[in-house]
Amino acid sequence: MTSRRYLQEGWHAVLAATLVLAATQAAAVDLRIFGGMVIDGTSTGGEPDRIVDIEGDRIVYVGPMRPGLPKQTLDATGKIVAPGFIDPHTHAYGDLSDPNRSANLPYLFQGVSTVFVGNDGGVGRFEEIQETLSSHPVGTNVGVFAGHGTIRRQVLGHENRPPYQEELRKMQSAVAQDMRAGALGLSTGLFYAPGSFAETDEVVALAKVAASFGGVYESHIRDEADYSIGLLGAIREAIEVGRRAGIPVHIAHIKALGPSVHGQSEEIIQLVEEAQADGLAVTADQYPWLASGTRLSNALIPRRIMTGGAQGLRAFLSNADSVDSIQAEMRDNLQRRDGADALLITGESAHQGKTLAEIADQQGLEPTLAAVDIVRAGDPAVASFMMDEDDVRRLMVQDWVVTSSDGSRGHPRKYASFPEKYAKYVQSEGLLDLVTFVHRSSGATAKIFGLCDRGFLREGQRADVLVFDPDEYQPSATYELPEELARGVEYLYVNGVAAISEGKLSAPESGRLLNAPSCLD
């Protein structure tokens, strides 16, 4: 395996000799990690014979063995020493906001020390999130987006119309308020109501505000298949927002979703590279699974009837004539999703673990009518098995695509995206090398979002440090058992505190709410 080439002889002797001279030659540090293969988070960084010294919550030295008397030492021989991973697209706020789950174990055990929340248009206003997460310890660092959907709902409710000028000014003021508080940028969920009701001009007007604070425009684009403007049309819209607003563009969980758009990854790459050649910063993140995840309503029910929110949707679906009026559109959407066999119920439901086809057969109903009953009873999450492996690989090798999970309950991506990518595409297939995998799970992501003191192993950086066994780092979660913790992370330091030690939970309470892009956390 990869790690065994990096086993170094003589580390214990070198350390012992160094410690003899240490007291008179250098000040003590809190922790010295030695003996491992140090991969520093850059696109080229991978060196043996390096140590990492930590003092408080900072890395104070990375380099060859030097004199010093560490208070603690960690022998990482045979292991990889890397920056803590950064996940730019999660739905972890539900866990983080709950004191009983705020340790954020699904991410810690993947080696993730920083998660972003507020993706897909937001989970609340920044100061509300800040108040909640300051009320109890959290296990990971947390970056937050200003959410377009949250702000639009606050000003316009669920109305499907452009904002009046005064309403737009209120929305712009809200974006500015969140950005001043420390938001990473503006996030949109243009596929979801109420974000889907926004025209491009509205998004541009709000993105300009985020741009004035140095933020990023992050988007679940309007269409990843052919629901509305099509996948390529949605990529073009995201690029248009970036150009007109003068803001870096980041495309969330980039994919070609469904048979009608399989193969369009080639054209996506061309569009992005053309924009980059014109001077626009365009990046993306991706999870390493062939099944996406959303709610059943989002997969099948036309967005135009969602103007009344969840309550309005249930009322609409309780009327037989109303249900009849959308059946043709639902059948089209089901075809886009590659049929009822490709939709697996993953969220809490009496039907969890069954496909829509199985449920429809058991009930003797047409799949779309069975779906209506399921949505009306609770609208659970679903996994849609509808991506093509060639598209996933083609996008993964692009140097502007980083790792994410889009983690949601019932889908293994919440517990296993980073080790799944490593096990399948690094160890098994060799599509990516180890250094590239680490870079696109840490430093590359930090650079995209302006986290100036995280993502790399270098002096002055916050001490988010991961030590993992390259032979044991593997996913445990599957579609059948989606909530199994990953294995192979031996140590994970978050702001200099060991959240995981010897492969076990240690002190999962040292995460911080990040203020960006000022980097004052």
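- Proximity of P288 to S417: side-chain heavy atoms (C-beta onward) are separated by under 4.5 Å at one or more points.
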**Request:** Begin with the C-alpha distance, continue with both residues' side-chain angles, and end with the deciding distance and a verdict on side chain to side chain contact (heavy atoms under 4.5 Å, CB included) for W400 and I254.
**Result:** CA-CA 11 Å; W400 42 269; I254 195 166; 3.9 Å; yes

**Message:** Show, in sequence, the C-alpha distance, side-chain angles and deciding distance for H411 and Y479, and conclude whether the side chain to side chain contact (heavy atoms under 4.5 Å, CB included) test is met.
**Reply:** CA-CA 6 Å; H411 193 302; Y479 290 103; 3.8 Å; yes

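- Between L96 and I129 the shortest side-chain heavy-atom distance does not fall below 4.5 Å.
- Between E472 and R487, no side-chain nitrogen of the basic residue sits less than 4.0 Å from a carboxylate oxygen of the acidic one, so the salt-bridge criterion is not met.
- Within the 4.5 Å cutoff, no side-chain heavy atoms of V175 are placed close to those of M171.
- Not counting sequence neighbours, the partners of R236 by the side-chain contact (heavy atoms from CB on, under 4.5 Å) test are L232, L271.
- H220 is not listed as a side-chain neighbour of L190, based on a closest heavy-atom distance of 4.5 Å or more.
- The one candidate from V467, L466, L434 that meets the side chain to side chain contact (heavy atoms under 4.5 Å, CB included) condition with I80 is L434.
- In this structure, F85 has its ring center no closer than 6.0 Å to that of Y107.
- For A275 against I239, the heavy-atom pair with the smallest separation is CB-CG2, 3.8 Å.
- The neighbour count for Q311 CD, taken as heavy atoms of other residues, nucleotides or ligands under 6.0 Å away, does not exceed 12.
- Counting only heavy atoms from C-beta outward, the side chains of Q172 and L206 approach each other to under 4.5 Å.
- With rounding to the nearest 0.5 angstrom, the CE atom of M306 is 10.5 Å from the OH atom of Y192.
- With no hydrogens or angles considered, no side-chain donor-acceptor pair links D285 and H253 at under 3.5 Å.
- R222 contributes no side-chain N or O that, together with a main-chain N or O of A234, makes up a donor-acceptor pair within less than 3.5 Å.
- Between D95 and K414 there is a salt bridge, with a side-chain nitrogen of the basic residue lying less than 4.0 Å from a carboxylate oxygen of the acidic one.
- A donor atom on one side chain and an acceptor atom on the other are not found under 3.5 Å apart for H351 and Q362.
- V435 is not listed as a side-chain neighbour of T44, based on a closest heavy-atom distance of 4.5 Å or more.
- When every heavy atom of Q474 is checked against every heavy atom of A423, the shortest pair comes out as OE1-CB, 3.4 Å.
- Within a 6.0 Å radius of CD in Q335, no more than 12 heavy atoms belonging to other residues, nucleotides or ligands are found.
- Looking at every heavy atom in both residues, I39 comes nearest to P83 through O-CD, 3.2 Å.
- Side chains of D406 and H91: a donor-acceptor N/O pair is present below 3.5 angstrom, by distance only.
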Anything under 3.5 Å between a donor and an acceptor, one on a side chain of residues 378-385, the other on a protein residue two or more places apart or in another chain? List them.
{"residue": "D379", "atom": "OD1", "partner": "L296", "partner atom": "N", "Å": "3.4"}
{"residue": "D379", "atom": "OD1", "partner": "S297", "partner atom": "N", "Å": "2.9"}
{"residue": "D379", "atom": "OD1", "partner": "S297", "partner atom": "OG", "Å": "3.3"}
{"residue": "D379", "atom": "OD2", "partner": "S297", "partner atom": "OG", "Å": "2.6"}
{"residue": "S384", "atom": "OG", "partner": "R337", "partner atom": "NH1", "Å": "3.0"}

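- Here OG of S228 is found 9.5 Å from CD1 of I221. Values are rounded to the nearest 0.5 Å.
- Side-chain contact, T140 with N104: a donor N or O sits under 3.5 Å from an acceptor N or O.
- Using a 4.0 Å cut-off between charged nitrogen and carboxylate oxygen, R244 and D201 count as a salt-bridge pair.
- Y415 and A486 make their closest contact through O-CB, 3.8 Å (heavy atoms, listed as atom of the first residue, atom of the second, distance).
- No side-chain donor-acceptor contact under 3.5 Å links D87 and T90.
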**Audit row: K424, E389, salt bridge (Lys or Arg N to Asp or Glu O under 4.0 Å) steps and yes/no** = CA-CA 12 Å; K424 181 174 182 179; E389 185 77 59; 3.0 Å; yes

**Item:** T283 and H250: CA distance, side-chain angles, deciding distance, side-chain hydrogen bond (donor to acceptor under 3.5 Å, both in side chains) verdict
**Value:** CA-CA 5 Å; T283 54; H250 186 79; 2.8 Å; yes

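- When ring centroids are compared, Y287 and H89 stay outside the 6.0 Å threshold.
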**Request:** Apply salt bridge (Lys or Arg N to Asp or Glu O under 4.0 Å) to the pair K255 and D391, showing each step before the final yes or no.
**Result:** CA-CA 7 Å; K255 65 175 79 73; D391 286 320; over 6 Å; no

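- Checked by atom type, the side-chain pair T42/D40 shows a donor-acceptor distance below 3.5 Å.
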**Message:** Could you walk me through whether I251 and V282 satisfy the side chain to side chain contact (heavy atoms under 4.5 Å, CB included) test, starting with their C-alpha distance in whole Å, then the side-chain angles of each, then the deciding distance to 0.1 Å, before giving a yes or no?
**Reply:** CA-CA 8 Å; I251 300 166; V282 184; 4.3 Å; yes

**Asked** Should H158 and F197 be marked as a ring pair (Phe, Tyr, Trp, His ring centres under 6.0 Å) after you check the CA-CA gap, both sets of side-chain angles, and the distance that decides it?
**Response** CA-CA 9 Å; H158 289 274; F197 303 148; 7.8 Å; no

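- You'll find the side chain of I326 reaches within 4.5 Å of the side chain of F316, heavy atoms only.
- Using a distance-only test at 3.5 Å, with no hydrogens or angles considered, no donor-acceptor pair links the side chain of E490 to the main chain of K79.
- Side-chain atoms of D223 come within 3.5 Å of backbone N or O of G230 as a donor-acceptor pair.
- Contact detail for P259 and D338: the closest heavy-atom pair is CG-OD1, 3.4 Å.
- Looking only at atom types and distance, the side chain of E266 has no donor-acceptor partner in the side chain of Q270 under 3.5 Å away.
- The distance from the OG atom of S408 to the CZ atom of R413 is 3.5 Å, given to the nearest 0.5 Å.
- Taking the side chain as every heavy atom from C-beta outward, L369 and D373 never approach each other to under 4.5 Å.
- A distance of 5.5 Å separates CD in Q286 from CG in L395, rounded to the nearest 0.5 Å.
- Residue N333 holds its CG atom at 9.5 Å from CD1 of I301, rounded to the nearest 0.5 Å.
- Shown here for V402 and A444, the closest heavy-atom pair between the two residues is CG1-CB, 3.7 Å.
- Both the sub-6.0 Å distance and the 45° axial angle are not jointly satisfied by R393 relative to the ring of Y425.
- Sorted by first and then second residue, the side-chain hydrogen bond (donor to acceptor under 3.5 Å, both in side chains) pairs with a member in residues 440-449 read T403-S441; sequence neighbours excluded.
- In this structure, E329 pairs ionically with R304, as a charged nitrogen and a carboxylate oxygen lie closer than 4.0 Å.
- Atoms CD and CD, from Q264 and E224 in turn, are 12.0 Å apart once rounded to the nearest 0.5 Å.
- Looking only at distances, a side-chain donor or acceptor of D388 sits under 3.5 Å from a matching main-chain atom of D390.
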**Message:** Between K421 and L432, is the side chain to side chain contact (heavy atoms under 4.5 Å, CB included) condition met? List the steps.
**Reply:** CA-CA 9 Å; K421 183 173 181 177; L432 301 175; 3.5 Å; yes

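- Classification of the Y473-F468 ring pair by plane angle, with boundaries at 30° and 60°, yields tilted.
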